Amino acid sequence: MRMALAEAAAAADHDDVPIGCVIVRGGVVIGRGHNARERDQDPTAHAEILALREAAAASGTWRIEDATAYVTLEPCHMCAGAMVLGRVARLVYGAADPKAGACGSLADVVRDPRLNHRLDVTGGVLSAECGDLLRQFFAARR
């Protein structure tokens, strides 16, 4: 999660919301990303999507099996769906997102029994640090 926090901090360098994601398989980082919607002018440039793309490229397949995604904020519907479709095994996130979180807060896409794949989920890891980074970012813009 500390690596994901470092990724999140990098997002602020280009005025993006500081959210970071690191994907690990067998103790090796295979994908990393931070929000780049503002930088890239791309609504899909979320940390998780960018990390999933990198992990797929590193793996040589779209199936990101046997991997854990560490994300500083509970993923949204798009990112949660991408993790399900990519067959990520486990999700570990920091701060919960009651307004848009799709991994237990607003919805639970990653554990929906109607889908063909479900993730193991652990939330609240370093939640205070993850939440503080977001609060500081938004406080500076008010």
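For the numbers below, each heavy atom of this structure counts, side chains included, while hydrogens, waters and symmetry mates do not. Just so it is clear, the model here is predicted, and its values are computed rather than measured.
- In this structure, T72 contributes its side chain and G20 its backbone to a donor-acceptor pair below 3.5 Å.
- In terms of heavy atoms, C130 sits closest to G94 at SG-CA, 3.8 Å.
- Going from atom CD of E7 over to atom CD1 of I19 covers 12.5 Å, rounded to the nearest 0.5 Å.
- With rounding to the nearest 0.5 Å, the separation of CE in M83 from CD1 in I23 is 7.0 Å.
- Of the possible donor and acceptor atoms, none in the side chain of E74 sits under 3.5 Å from a partner among the backbone N and O of G123.
- No donor-acceptor pair closer than 3.5 Å links the side chain of E38 to the backbone N or O of D16.
- There is a path of hydrophobic side-chain contacts, each under 4.5 Å, that joins V71 to V109.
- Considering every non-hydrogen atom in both A47 and G33, the closest pair reads CB-O, 3.6 Å.
- Judged by distance alone, with hydrogens and angles left aside, the side-chain atoms of D97 form no donor-acceptor pair with the main-chain N or O of C76 at under 3.5 Å.
- The CG atom of D132 sits 9.0 Å away from atom OG of S127, with the distance rounded to the nearest 0.5 Å.
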Go through R141 and D15 one step at a time and tell me if the side-chain contact (heavy atoms from CB on, under 4.5 Å) criterion holds.
CA-CA 10 Å; R141 275 141 190 82; D15 209 32; 2.5 Å; yes
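- No continuous path of ILVMFWY side-chain contacts below 4.5 Å connects M78 to L119, so the two sit in separate hydrophobic clusters.
- Linking Ile, Leu, Val, Met, Phe, Trp and Tyr residues whenever their side-chain heavy atoms come within less than 4.5 Å leaves L52 and V29 in two separate clusters.
- In this structure, the side chain of S59 does not engage the main chain of T61 through any donor-acceptor pair within 3.5 Å.
- Every pair passing ring-ring contact (aromatic ring centres under 6.0 Å, His included) that includes a residue from residues 30-70 is listed here, sequence neighbours excluded: H14-H34.
- Using a distance-only test at 3.5 Å, with no hydrogens or angles considered, a donor-acceptor pair links the side chain of R87 to the main chain of L85.
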Start with the C-alpha distance between I30 and I64, add both sets of side-chain angles, then the distance that settles side-chain contact (heavy atoms from CB on, under 4.5 Å), and finish with yes or no.
CA-CA 9 Å; I30 59 170; I64 321 288; 4.1 Å; yes
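- Atom CG of N35 and atom SG of C21 lie 10.0 Å apart (nearest 0.5 Å).
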Chi angles and distances behind the side-chain contact (heavy atoms from CB on, under 4.5 Å) call for T44, R53
CA-CA 12 Å; T44 68; R53 288 176 184 161; 3.6 Å; yes
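- Of all heavy-atom pairs between G131 and A95, the closest is N-CB, 4.0 Å.
- For the atom pair D42 CG and I49 CD1, the distance stands at 9.5 Å (nearest 0.5 Å).
- The cluster map of Ile, Leu, Val, Met, Phe, Trp and Tyr, joined by side-chain heavy atoms under 4.5 Å apart, puts M1 and L73 in different clusters.
- Hydrophobic cluster membership differs between V88 and L50, with clusters built from Ile, Leu, Val, Met, Phe, Trp and Tyr side chains linked at under 4.5 angstrom.
- Residues A80 and P75 approach most closely at N-CB, 4.1 Å, considering heavy atoms.
- Heavy-atom minimum distance, L91 versus C103: CD2-SG, 3.5 Å.
- Here the closest heavy-atom approach between residue R25 and residue A67 is recorded as CB-CB, 4.2 Å.
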